Structures are given as structure tokens and as C-alpha cells.
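Okay, structure first, notes after.
These numbers were taken from a predicted model, which means no experiment stands behind them.
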Amino acid sequence: MSHSSSISGLSPLPPHRLASVSELFAIESSMMVPVFTGEDEHVPDVDPEYRFNPDITLALLAGFTRNRRVLVQGLHGTGKSSHIEQVAARLNWPCVRVNLDGHIGRLELVGRDVVTLRDGQQVTEFQEGIVPWALQRPMALIFDEYDAGRPDVMFVIQRILELEGKLTLLDQNRVIHPHPGFRLFATANTLGLGNLTGMYHGAQRLNHAQIDRWNIVATLDYLPRAEEVAIVQARVPGLRSEEGAQLIDRMVSVADLTRRGFAAGDVSALMSPRTVISWAENLEIFGEVELAFRLTFMNKCDEPERPLVAEFFQRCFGTELTESIALQAAQ
């Protein structure tokens with residue numbers, strides 16, 4: 001197939017080669033995906049230690065190869081954004097992330113008039129925002145914290161969620177047609193339900209028309225224990241031993257208990273894989289499991305919940321923390 005040929009019914013993409021999913025991601029699939037051959041500074045770096053979730057990876061690849069709009073939902077620390085970036089990295093597909101915090105408004109996304117100096121004279125000219133800039137390029141645009149976007153921002157995004165995805169710049173009297181290589185992704189913690197648990201302040205309720213425009217909605221959960229242990233070991237070289245693996249396994253067991261406690265409503269904070277990695281890194285700094293745990297996670301918990309969290313630690317390590325009910329009762 002020549003570089004100018006279409007892939008799976010798409011318009012021509014930039015120069016590319018076809019590669020098998022099994023070759024790139026070690027996932028059983030007959031799907032062939034385009035890998036760009038050029039160089040671009042916006043392509044994420046490949047993380048050779050990254051572990052791909054098969055279902056999420058296939059959903060994202062459908063987004064890249066078939067131009068589907070993909071929304072990835074899941075609790076914090078599950079690696080939603082990094083999953084999209086690492087798929088893009090292996091496809092050599094340029095990628096840019098935009099965090100939809102409360103400071104991002106319509107003008108930042110669409111563009112605004114700015115005053116600049118040209119030939120010594122002040123002139124007013126239109127400066128494109130991130131959406132029209134990305135829309136005209138072979139670029140994967142990722143909206144992080146999608147459910148935290150302001151209403152005026154969400155309606156801008158709604159325009160480009162359609163497959164043709166045309167964007168009209170009213171101030172410029174100009175219609176922007178998306179580049180054949182433009183792709184759109186988003187990540188969310190709550191899938192538009194708002195801050196029901198009190199865990200994600202700033203999350204907004206999304207109307208059904210917004211959610212309905214996403215072609216694929218995928219849910220990313222935490223990794224199986226063995227894979228999480230392997231990832232922590234890969235991130236912390238000092239624990240790459242059999243003894244280190246056993247220690248990390250107990251750390252992940254504590255994390256699992258916090259996740260179950262959160263699901264049951266017993267605690268309001270949980271340990272994500274990111275937190276476990278931080279715990280392991282802090283262990284290398286301080287040399288004490290208990291101190292590293294306290295500084296990494298325990299001090300983030302509400303004070304009334306700390307005895308229960310200390311019990312989780314005691315179950316896995318057999319050591320009572322000063323916050324535990326047993327030691328407090330003995331004092």
C-alpha cells in the first residue's frame with residue numbers, strides 16, 4: 001500500500017507504514033495500524049516498561065485508525081492519559097494534552113485578538129487557540145479532566161465531536177476543516193456524574209448530548225497485582241530483586257485494601273499505582289517503610305480515618321503504626 005492510500009476507508013494520512021497490533025503492543029489481534037514515518041517534537045517518548053490494558057488499547061487504536069472519538073473513564077492514577085500517550089508514541093503520532101481546569105476558557109481553546117508589533121507598528125491580529133491549531137494538523141488532541149470543563153468550553157468541544165468536526169470561527173468568518181490525521185480523545189474521572197463522592201472537586205455534571213457524541217467510552221481499572229508489582233519494580237531500580245518484589249507485593253496489598261475501603265465508603269482516599277510508586281521512591285530516600293508510608297499516604301487521609309488505614313498497614317506488614325487503634329488504646 002502506498003503512503004497516499006487510504007486506511008480502512010479514511011482519507012489519506014501523512015507518510016506511514018502499516019504495522020500489526022500484535023507486533024507493537026503484544027496483544028492478540030489481526031488489526032493493522034498506521035505508524036507515521038516522519039519526526040515531530042509532539043510525539044510522546046516511548047516508555048518501554050509501560051503495561052497496556054488490551055481492551056483499552058484496542059479501543060484507542062480504533063480511535064486512531066477509524067477516527068472514532070474515544071473517552072476513557074476511570075479513577076485517578078489508573079493511567080488514562082499516559083495510556084493514550086503511549087499508544088500515540090508507538091504509532092509515532094503527534095499528541096498534545098489540554099487540562100480542562102477552571103482557568104481554561106473559550107478564548108484559550110478557540111483563539112483571540114492580540115496586539116503585536118509589526119514593522120514598528122502595533123497591529124491587532126487573530127491568534128489561534130489550541131483547538132483550531134490541532135484541528136489543522138495530524139494531531140491527537142487529548143482533553144484531560146473532561147468532566148471538569150466549564151460549560152462555555154464544553155460547547156466549543158461539542159462542535160468538533162461530530163465526525164466531520166468542522167469548526168467555524170465566527171470572528172474570522174472562516175470554517176476550519178479537520179486534517180485527515182486529526183484525532184480526539186478525552187479522559188474523565190466521573191463520566192459526567194459530577195462530584196457525587198466528594199472526591200473530585202470541580203467535576204461537572206455533563207448533559208447526555210455531550211456523552212452521546214463520544215463514539216467509544218472505555219473504562220480503565222487498576223492493573224492486576226502482579227503487573228502493578230512489576231511496574232513499581234521497573235520504576236524503582238533499588239527494589240529489582242526477589243526481596244524487593246515481596247516488599248512491593250505487601251505495599252500493593254495495602255493499596256488494594258484502601259481501594260476496597262473506598263468502594264465500601266469506609267475511607268475517602270485511596271492509593272493509586274502512582275501513590276505506590278511514590279511510596280517505593282520515598283522508601284529509598286528515608287529507608288523506613290512506616291515513615292515512607294506516613295509521608296506518602298497516611299498524612300493525606302482525614303484524621304478520623306487514619307486508624308483504619310493503620311489497620312490496613314498492620315494486616316499486610318504485621319506492624320502497628322502510632323495511628324492504630326490498638327496502640328492508642330494502650331496509651
Side-chain angles (χ1 to χ4, degrees), residues 49 51 53 55-56 72-80 82-83 189-191 193 195-201 203 219-236 238-331:
E49 305 293 343
R51 302 296 181 102
N53 176 294
D55 291 345
I56 300 296
V72 183
Q73 181 265 338
L75 293 172
H76 65 281
T78 50
K80 300 180 292 296
S82 58
H83 209 305
N189 295 124
T190 66
L191 199 55
L193 298 178
N195 189 32
L196 293 178
T197 64
M199 194 174 185
Y200 299 111
H201 297 290
T219 299
L220 183 59
D221 204 349
Y222 294 116
L223 291 165
R225 178 181 296 196
E227 292 194 33
E228 190 168 343
V229 170
I231 286 176
V232 177
Q233 277 196 300
R235 293 287 188 274
V236 187
L239 296 177
R240 291 179 185 173
S241 63
E242 183 62 33
E243 200 173 73
Q246 293 173 2
L247 174 62
I248 295 171
D249 187 72
R250 291 199 291 271
M251 295 166 73
V252 173
S253 295
V254 176
D256 282 340
L257 288 173
T258 67
R259 294 164 194 170
R260 291 179 203 166
F262 175 79
D266 297 328
V267 293
S268 59
L270 57 81
M271 294 182 69
S272 69
R274 186 188 301 128
T275 310
V276 179
I277 292 171
S278 295
W279 182 8
E281 291 170 339
N282 289 337
L283 173 59
E284 285 200 313
I285 296 172
F286 300 107
E288 295 182 21
V289 176
E290 296 90 342
L291 177 59
F293 176 70
R294 184 173 289 108
L295 296 176
T296 305
F297 181 70
M298 177 72 82
N299 291 343
K300 296 177 182 177
C301 301
D302 289 340
E303 199 162 333
E305 297 174 357
R306 292 181 186 178
L308 180 56
V309 175
E311 183 183 327
F312 294 158
F313 184 92
Q314 192 279 331
R315 287 188 208 172
C316 302
F317 284 91
T319 303
E320 296 281 1
L321 298 179
T322 55
E323 293 86 354
S324 70
I325 296 174
L327 283 187
Q328 289 179 3
Q331 292 176 352

So, taking the atom named OG1 in T296 and the one named CG in L291, what distance separates them when rounded to the nearest 0.5 Å?
8.5 Å

Would you indicate whether the side-chain heavy atoms of L247 and L283 approach each other to under 4.5 Å?
yes

CD1/I231 to CG/L223 distance, rounded to the nearest 0.5 angstrom?
4.5 Å

Side chain to side chain contact (heavy atoms under 4.5 Å, CB included) for F297 and L270? Distances and angles first, verdict last.
CA-CA 9 Å; F297 181 70; L270 57 81; 5.6 Å; no

What pairs of residues pass the salt bridge (Lys or Arg N to Asp or Glu O under 4.0 Å) test when at least one of them lies in residues 273-301, not counting sequence neighbours?
R294-E323

Minimum heavy-atom distance V252-V229, with the two atoms named:
CG2-CG2, 4.0 Å

Can you confirm whether M298 sits close enough to L321 that some side-chain heavy atom of one is under 4.5 Å from a side-chain heavy atom of the other?
yes

Ignoring hydrogens and geometry, is there a side-chain-to-backbone donor-acceptor pair from E49 to R235 under 3.5 Å?
no

Exercise: identify the closest heavy-atom pair between T219 and I56
O-CD1, 3.4 Å

How close do L220 and V72 get, counting heavy atoms only, and between which atoms?
CB-CG1, 4.1 Å

Can you tell me how far apart OG (S278) and CD1 (I285) are? Round to the nearest 0.5 Å.
9.5 Å

In Å and rounded to the nearest 0.5 Å, what is the CZ to CZ distance from R260 to F312?
9.5 Å

Those residues at least two apart in sequence (or on a different chain) that pass side-chain contact (heavy atoms from CB on, under 4.5 Å) with Q314 are E320

Exercise: identify the closest heavy-atom pair between E228 and P273:
OE2-CA, 3.6 Å

Are any non-hydrogen side-chain atoms of V289 and W279 less than 4.5 angstrom apart?
yes

Separation of Y222 OH from N53 CG (nearest 0.5 Å)
14.0 Å

Please report the shortest heavy-atom distance between A280 and L239, naming the atom on each side.
CB-CD1, 3.9 Å

Under 3.5 Å, is there a donor-acceptor pair between the side chain of D249 and the main chain of A245?
no

Determine yes or no for a side-chain-to-main-chain donor-acceptor pair under 3.5 angstrom, with N189 supplying the side chain and G74 the backbone.
yes

Identify the heavy atoms of V267 and T258 that sit nearest to each other, and give their distance.
CG2-O, 3.7 Å

To the nearest 0.5 Å, atom CZ of F313 lies from atom CG of L257 at 12.0 Å

With S253 via side-chain hydrogen bond (donor to acceptor under 3.5 Å, both in side chains) - residues at least two apart:
R225

